[in-house]
Engineer: 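Pasting a structure below so you can have a look.
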Amino acid sequence: MVTIAVIAREALDRIVAETAADPEREACGLLLGTDDAILEARPCANVADDPATRFEINPVALLAAHRAARAGDARVIGCYHSHPNGYAAPSPRDAADAAPDSGLWLIAAGSVVTAWRAVPDGAVHGRFDPVTLRCVTGEAITGVRHKDIS
Ligand SMILES: [Zn+2]
């Protein structure tokens, strides 16, 4: 099943910029927002042993983001990382590393960013279903949120 997520233009630009900044390593970070709306992409240190082929978000940054969410900040709704090999789709290793409830996964290669949702029985490698990503302004996302609440 293909679902839709929206992302703020600023967040998408950030991911593409981080990907370009060090094309030999997998850039990675957290997606913050609400439900299927990504308001912010927050770069984190990749602490994997081999960052050229793998990513592991700095657990300190992850804990800090969860703690901030409990205090009222935007929730952690997923993660992003880049693929230096230029292939913007989940790898079998991503599937093995992804918890089935880990939310949205954005994968960047060059200026291409694809979106996926980690699920127990996904169409791709048994772990991911494709998500259509719509880029909007941050103000548009705030408008969506207000509409949902009222
Ligand atoms: Zn990957």
Side-chain angles (χ1 to χ4, degrees), residues 1-70 73-138 140-141 144-145:
M1 188 178 76
V2 178
T3 54
I4 295 171
V6 296
I7 183 169
R9 162 68 59 191
E10 299 80 1
L12 188 60
D13 288 348
R14 188 78 192 262
I15 292 171
V16 172
E18 290 290 321
T19 296
D22 190 352
E24 304 300 316
R25 291 166 57 99
E26 293 198 8
C28 65
L30 297 171
L31 303 175
L32 305 178
T34 171
D35 297 327
D36 292 326
I38 303 162
L39 279 165
E40 181 190 344
R42 181 177 297 167
C44 298
N46 180 353
V47 297
D49 291 337
D50 182 6
T53 60
R54 189 160 201 173
F55 81 100
E56 185 180 340
I57 290 172
N58 181 352
V60 176
L62 185 58
L63 271 175
H66 281 301
R67 197 173 298 127
R70 283 196 297 274
D73 279 8
R75 283 194 299 123
V76 177
I77 58 170
C79 64
Y80 73 86
H81 70 285
S82 67
H83 279 174
N85 67 9
Y87 188 56
S91 67
R93 171 166 275 171
D94 291 332
D97 287 346
D101 59 350
S102 51
L104 285 170
W105 280 58
L106 265 53
I107 300 179
S111 59
V112 176
V113 179
T114 60
W116 311 82
R117 181 174 299 285
V119 293
D121 186 20
V124 176
H125 305 312
R127 179 55 81 230
F128 297 103
D129 279 343
V131 174
T132 299
L133 199 58
R134 292 216 178 115
C135 184
V136 297
T137 64
I141 290 179
V144 167
R145 290 169 69 191

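Scope of the values below: all heavy atoms of this structure, side chains included, with no hydrogens, waters or symmetry mates. In each ligand, atom 1 is the first atom listed, and ligand 1 is the first ligand listed.
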Engineer: In chain order, what residues pass the salt bridge (charged side-chain N to carboxylate O under 4.0 Å, His left out) check against Glu40, with sequence neighbours excluded?
Structural biologist: Arg42

Engineer: Per the side-chain hydrogen bond (donor to acceptor under 3.5 Å, both in side chains) rule, what does the pair list look like for residues 6-20, sequence neighbours excluded?
Structural biologist: none

Engineer: Could you enumerate the protein N, O or S atoms under 2.8 Å from the Zn ion (ligand 1), written like residue then atom name?
Structural biologist: His81 NE2, His83 NE2, Asp94 OD1, Asp94 OD2

Engineer: Taking 4.0 angstrom as the limit, do Arg75 and Asp35 come out as a salt bridge?
Structural biologist: yes

Engineer: How would you list all residue pairs meeting salt bridge (Lys or Arg N to Asp or Glu O under 4.0 Å) that involve residues 97-122, not counting sequence neighbours?
Structural biologist: Asp36-Arg117, Arg54-Asp97

Engineer: Evaluate the side chain to side chain contact (heavy atoms under 4.5 Å, CB included) criterion for residues Tyr87 and Ile107: first the C-alpha distance (whole Å), next the side-chain angles of each, then the deciding distance (0.1 Å), finally the verdict.
Structural biologist: CA-CA 9 Å; Tyr87 188 56; Ile107 300 179; over 6 Å; no

Engineer: For the pair Phe128 and Trp105, name the ring-plane relationship: parallel under 30°, tilted 30 to 60°, perpendicular over 60°.
Structural biologist: perpendicular

